[in-house]
Each structure stands twice: as structure tokens, then as C-alpha cells.
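Position 1 is the first residue of the sequence; numbering continues from there.
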Amino acid sequence: MKGIQDTSSKTYRQLMGNGLRYEIPKFQRDYTWESEQWDDLWQDIKSLLMNEESEHYMGYLVLQTSNNKNFLIIDGQQRLTTLSILILATLKCLKDLVESGVDAEKNHRRKENLQNSYIGYVDPVTLISNNKLKLNRNSEDYYKQHLVLLRDLPLRNTNSSEKHMRECLMWYYDKIKKDFKTGEELAAFIDNIVDKLFFTVIEVTDQINAFKVFETLNARGVQLSSSDLLKNYLFSVVDETNPHISEIEELENIWNSIVGKLGEQKFEDYLRYYWNSENKTVGKKNLFKSIKINISTKEKVFALVRNLRDTADIYIAIQNPDDVTWNTNIEIRESLRELKLFQIRQTNSLLMAGYKNLDTNAFKKLVKTCSIISFRYNIIGGLNPNAQEEVYNSIALKINVNKQFSVQDFQSIYISDINFENDFSTKEFKNTSRNHKIVKYILSKIEGYKYQNEISPESDLYTIEHILPESADESWGMSQESINRSVFRIGNLTLLEKKLNKGADVLRYSDKADFFNKSNSRITNSLSENYESWSEEKISARQRDLAKDAKSIWRIQELR
């Protein structure tokens, strides 16, 4: 990837050697690891010491550098901080031996050598440490003045990060002191693990390329903290103005409020949808670059984070049809429930802009329009959803300016009646949990439209019956090829109460009719009235009839 300076595999010894220095950006997240993470690492180290493993992989380490000597830690600060504290716990054990007069001279030298190799140099006169690792603004003083110097650690007036570091030191100190009794054992312990703990190190030249690395790795399932990178950039913009401490505190409070509101929702997703609701659409890989270009002053930073805070509730409500926001807007709730069922996210930016700028009736129409288009375009048409995003973005920008929208703006992504009917007439739904819900939704809507018989698609009383069973063979009078073409088509599917479905099971069509006739679903109990037998031709004919109903149900009158 362009902008990546180097990618390599390095042991902890190699990372800490040759005068290299590492700094956690000032506004990066605090140290938060607790006993669960400390114990995981300790168990991995014990496996190394017992030769159950020859090496242990510590994951990705993303670093930013311009000179290959000094590095900003973009991702990996929790692991590097923990390893530094583990080594300090070992030095504390050596210090105990020295102070107890146990082989004092040799253990003092061991302590000094390990300190210089993995922690940094401490001036013997001033007791000022020149450390290999520099922590963030909430942790550095405590780390430098207390942990590194192995002084008594204050218990009062400490922040959360300092508390976690103190507890980490004492946790590892107790483990190490119990397992290693002599200076030789303590030194050998460190000498052993520094060659067996290794990282995949990715070096980048600037923040924009770091963000691209995050997005690339996240897309591959390796979750890295790109939100931390953004936070550090925004806070750094403010910090360059020499702000009053209250400004940084206010920024911190707003940021924590955003993260707290989002809960399980991914910050990176929210950020992109918010940005695209206010600006020309950008993809994940260019999001950070776009923000950096446009948000370059303290005033713009505060405006952005405040807007993110104020819009978070809207975003969360759009994701959750059962949110209290929709208690008095049943139609909006139903449309949002449909979008959730369809797993449509391309509409998020548009709906955020719509909620902020439209009155209730116009927003109701917007959500309904999005649902119908998504059903035609995505569920039945199976078309590329990326093409929709630019259309939704252009409408969002118009809504921001004009406080209104026209249904005609959706014309380019509205599947025409003739194409929709043709697509529906041949549509198949393989037997998956998601498809089961979608088919129940489709058949329930047709039931209500055609027979005015309301059946909730979420009802547990009904399930999907395959009229031609999935296990059908040629005794049904159909070739295997014909069966394979027919079994998952909508025309072969119907609603049936669970208790009746169990009885019908794999019976022949004529025998199933008795169960169909007992159903409270009209599209089911009318089957025997319309079809004396069941074949590929009958399935196609029924599906064409359903397609005509679907065309009328999922239609936007102003569009053709």
C-alpha cells in the first residue's frame, strides 16, 4: 500500500534496541488493561517458559515515523505499556534482592542492564529518566516519576490510567516474585521472553496512511482503533492553539459523551454516515483525509464534535425501529423495521439529514420511499448497493439546503414496474434464517393486500412451507433439474401454521391440500381452489400472479 514505509516481524528485543524511541500520542486513549488481559499475557508467557510454544504472536503494531528512530504508536499502546510494566515489576524484584543484600552487586548490575536495555537510562544524580517509551498526557508523569523510578506508588489522587498501571505493576510483581527467587532466574526470565514475543510491525509516514491501514485491516477482520487516531488528530488541532485546560476538558467530555451514546454501535461507521450526511460522499479509505482537509481549526473541531454528539441519538434511533423516538410514528417504525430486515445501511446518511431537516410527514415519506426502493433494488433486483450511495448523498445535501426533497430525485435507482415484475417472477430464496424472515414478510404483505387478512411477519405461529419439499424426488413427476429450479422459488412458498406444517411435511400435493385448507392464511387455503396439481409450470404461474400483487404493494406512484 502506498504510504506504508515498512512491514516486518520484530521481537520485543528488536523493538527496544538500537536507541529507538516510542511515544503514545498525547491524546490517545489511556491505559485500560485489567487483570483479565494481564492474565492472558501471563499464561501465554508461561507457555513459552515451559516450552509449550516456541514463540508468541502479539499482533499488529502500527507505528508512524519520519526518521526510523522516533515512532508514534498509532495502535498497540496497551500491549507495549503492559510489557514495559511487566519488566518494571521484574526490576522491582531485583531491587528487593539488592536492598536485602542478596548478591547485591551482581543483582544491581542485572537491574541496571535490564533497565537500560528495555526501559531507558536514569541519570544517577538528577534521577531524571530518559525512557524508551513515552505515554500519553494522563499517564506519562506517573510512569516517569513513580513506576520507572520504582518509588512507592501513591494510592490517592490518581486518575483511572494511573490506577490501572499501579495495579498492573503489583499484579505482575506478585506473580514474578513467587515464580523467580534469584537474580539469575529473574534476568533469565526477561532474556527469554524478549526473543519469543513478536509483533507484525507496520510503519507509515503520516496519519492519513495510518487511517488507511486501519480501514484495510478492519475490513479483513482485524479490529484496530481508527477512532483513536481521529481523536488524537482533532485534539492536537486544539492543542496547537495553547488552549485553556477547560477547553481540552470540554472536548474530552463531548468525546466521551459521543462514545457513551453509541454503545455497541461502531464509532467509525457512525462517523462516516454522519460525514456523508453533511458532505459529498467519501469512502472509508478517504474519510480521514477528507476530515483532515476540512477540519483544520479549533472552531471547526468543536463544531464537528458537538454535531457528532447531537446527531448520535438520531443515528441510534434510525438503527433501532423500537427506539422510543418512533413511539408515536408507527408508519416510520414499520419502514425502519423493513430497512433493518433488508439489512440496508446505505440510507443512513440520507435519513440522518432527513430527520434533522424535514417535518414528520416529509420524513415519513422519505423513509417509506427508501424502503420501497430497497425492496425493489436490493432484495428482488439484487443490484450493487454501492451505486445507491451517491444518489442518497446528493438527496441528503439537497435536503440540508432546501429542507425538502422530491421523489423524482430517486428515479435513477427506482426499478421500473416491468423490470420489477420480471425480477420477482423468477426470484429464489435459499433456505437461510434471513431469507426465512424476508419471505414471511413478503407473503404477509401480499396476504394483507390481496385478502385484507393481517398476519404479522414476526408471528411465531406461522412458518414457511415449501409446497414442493426440499427433499422432493422424481416421484413428484418432475425431473431433478426441474425440482432444483423450483424448490426455492417464491411461487413454491407459502405461509402455514407450524402445527399444520408439521403434519404436511413431505406429503404429496394432494395430501397436503387437507392441511392447506385448514390454514387461516388465504394465500394458502386458496391453493387447492386454484391448482389441482403441482408442477414447475404451476409454480411459475403462481409466482407471476404474486409478482402482479407485489408490483402494486411496493410501488411509488410518482415514479415509473
Side-chain angles (χ1 to χ4, degrees), residues 273 277 314-323 325-355 357-396 399 404-417 419-421 423-424 427 429 434-435 437-449 454-458 490 546-547 549-560:
Y273 291 126
S277 74
I314 300 171
Y315 175 73
I316 293 166
I318 288 169
Q319 307 305 303
N320 179 18
D322 296 318
D323 191 272
T325 305
W326 318 119
N327 281 354
T328 58
N329 295 286
I330 304 303
E331 292 179 63
I332 294 176
R333 170 174 285 173
E334 290 307 309
S335 295
L336 290 174
R337 189 167 280 136
E338 289 166 353
L339 289 171
K340 185 175 182 180
L341 172 64
F342 304 159
Q343 296 182 4
I344 301 299
R345 298 174 65 82
Q346 290 77 20
T347 57
N348 283 340
S349 297
L350 172 59
L351 297 183
M352 289 163 68
Y355 186 86
N357 293 285
L358 301 175
D359 62 34
T360 301
N361 287 331
F363 183 69
K364 183 191 304 181
K365 184 174 183 179
L366 178 69
V367 184
K368 185 64 177 177
T369 299
C370 288
S371 174
I372 292 173
I373 284 175
S374 298
F375 185 77
R376 287 193 171 217
Y377 188 101
N378 303 86
I379 300 303
I380 301 302
L383 300 175
N384 183 358
N386 293 334
Q388 293 170 294
E389 202 152 9
E390 288 192 11
V391 175
Y392 291 142
N393 174 249
S394 67
I395 299 171
I399 289 175
Q404 61 182 1
F405 75 97
S406 169
V407 172
Q408 299 299 326
D409 295 332
F410 293 90
Q411 183 70 65
S412 64
I413 54 173
Y414 181 73
I415 305 304
S416 67
D417 281 353
N419 287 337
F420 174 71
E421 191 173 344
D423 290 341
F424 195 100
K427 185 69 179 179
F429 283 99
R434 175 175 178 254
N435 283 347
K437 293 177 182 177
I438 289 175
V439 172
K440 279 184 74 175
Y441 161 78
I442 293 171
L443 295 177
S444 296
K445 294 285 281 189
I446 294 175
E447 177 88 21
Y449 170 78
E454 297 299 324
I455 294 177
S456 170
E458 298 176 2
I490 300 176
L546 294 175
D549 294 325
K551 179 180 64 177
S552 298
I553 296 168
W554 290 279
R555 168 183 278 169
I556 299 173
Q557 293 298 332
E558 298 95 323
L559 301 178
R560 288 291 182 266

Taking only residues two or more places apart in sequence or in another chain, which ones pass side-chain hydrogen bond (donor to acceptor under 3.5 Å, both in side chains) with Gln319?
Asn348

By side-chain contact (heavy atoms from CB on, under 4.5 Å) - contacts of Asn386 (at least two apart)
Asn384

What one should report as the nearest heavy-atom pair of Leu358 and Ala362 is CB-CB, 3.9 Å

Can you tell me how the ring of Trp554 sits relative to the ring of Tyr441, calling it parallel under 30°, perpendicular over 60° and tilted otherwise?
tilted

Tyr377: which residues meet the ring pair (Phe, Tyr, Trp, His ring centres under 6.0 Å) condition with it, sequence neighbours left out?
none

For Ser394, what residues pass the side-chain contact (heavy atoms from CB on, under 4.5 Å) criterion, not counting sequence neighbours?
none

Non-neighbouring partners of Glu454 that pass side-chain contact (heavy atoms from CB on, under 4.5 Å), sequence neighbours left out:
none

Tyr273: ring pair (Phe, Tyr, Trp, His ring centres under 6.0 Å) partners, not counting sequence neighbours:
none

Under the salt bridge (Lys or Arg N to Asp or Glu O under 4.0 Å) rule, collect the residues that match up with Asp423, sequence neighbours excluded.
none

Is the shortest side-chain heavy-atom distance between Leu350 and Ile399 below 4.5 Å?
yes

Once salt bridge (charged side-chain N to carboxylate O under 4.0 Å, His left out) is applied, what residue pairs with a partner in residues 337-352 remain, sequence neighbours excluded?
Asp269-Arg345, Asp322-Arg337, Glu334-Arg337, Arg337-Glu458, Glu338-Lys445

Distance check, rounded to the nearest 0.5 Å: Phe424 atom CZ versus Asp549 atom CG?
8.5 Å

Which distance, rounded to the nearest 0.5 Å, do you find between the CD of Glu558 and the CD of Gln411?
10.5 Å

Search all heavy atoms of Leu336 against all heavy atoms of Ala317 and return the closest pair with its distance.
CD1-O, 4.3 Å

Side-chain touch Lys368/Glu331, heavy atoms, less than 4.5 angstrom:
no

Enter the distance from Leu341:CG to Ile438:CD1 here, rounded to the nearest 0.5 Å.
5.0 Å

Side chains of Phe420 and Arg555 in contact at under 4.5 Å (non-hydrogen atoms)
no

Could you grab the distance from atom CD1 of Ile442 to atom CD1 of Ile490, nearest 0.5 Å is fine?
4.5 Å

Phe375 vs Phe342 aromatic rings, parallel, tilted or perpendicular, using cut-offs 30° and 60°?
tilted

Heavy-atom closest pair, residues Pro321 and Trp326
O-CD1, 3.4 Å

Residues two or more places apart in sequence or in another chain: which of them pass side-chain hydrogen bond (donor to acceptor under 3.5 Å, both in side chains) with Glu421?
Lys551

Minimum side-chain heavy-atom gap Asn393-Ser349 below 4.5 Å
no

Lys440: what forms a salt bridge (Lys or Arg N to Asp or Glu O under 4.0 Å) with it, not counting sequence neighbours?
none

In Leu383, Ile372, Ile373, the residue satisfying side chain to side chain contact (heavy atoms under 4.5 Å, CB included) with Ile415 is Leu383

Cys370 and Leu339: which non-hydrogen atoms are nearest, and at how many Å?
O-CD2, 3.9 Å

Any chance you could measure Tyr315, atom OH, to Asn320, atom CG, to the nearest 0.5 Å?
12.0 Å

Any side-chain heavy-atom pair from Leu559 and Gln408 closer than 4.5 angstrom?
yes

About how many Å separate CD1 of Ile413 and OG of Ser374, when rounded to the nearest 0.5 Å?
7.5 Å

Do Asn378 and Gln388 have a side chain donor and acceptor closer than 3.5 Å?
yes

Output all residues satisfying salt bridge (Lys or Arg N to Asp or Glu O under 4.0 Å) with Asp409, sequence neighbours left out; order by chain, then residue number.
Lys398

Given the options Leu351, Ile332, Val407, Leu366 meets side chain to side chain contact (heavy atoms under 4.5 Å, CB included) only with Leu351

Write down the atom of Ala353, the atom of Ser277, and the distance for their closest heavy-atom approach.
CB-O, 3.9 Å

By ring pair (Phe, Tyr, Trp, His ring centres under 6.0 Å), Phe429 pairs with (sequence neighbours left out) none

Would you call Arg376-Asp417 a salt bridge at under 4.0 Å N-O?
yes

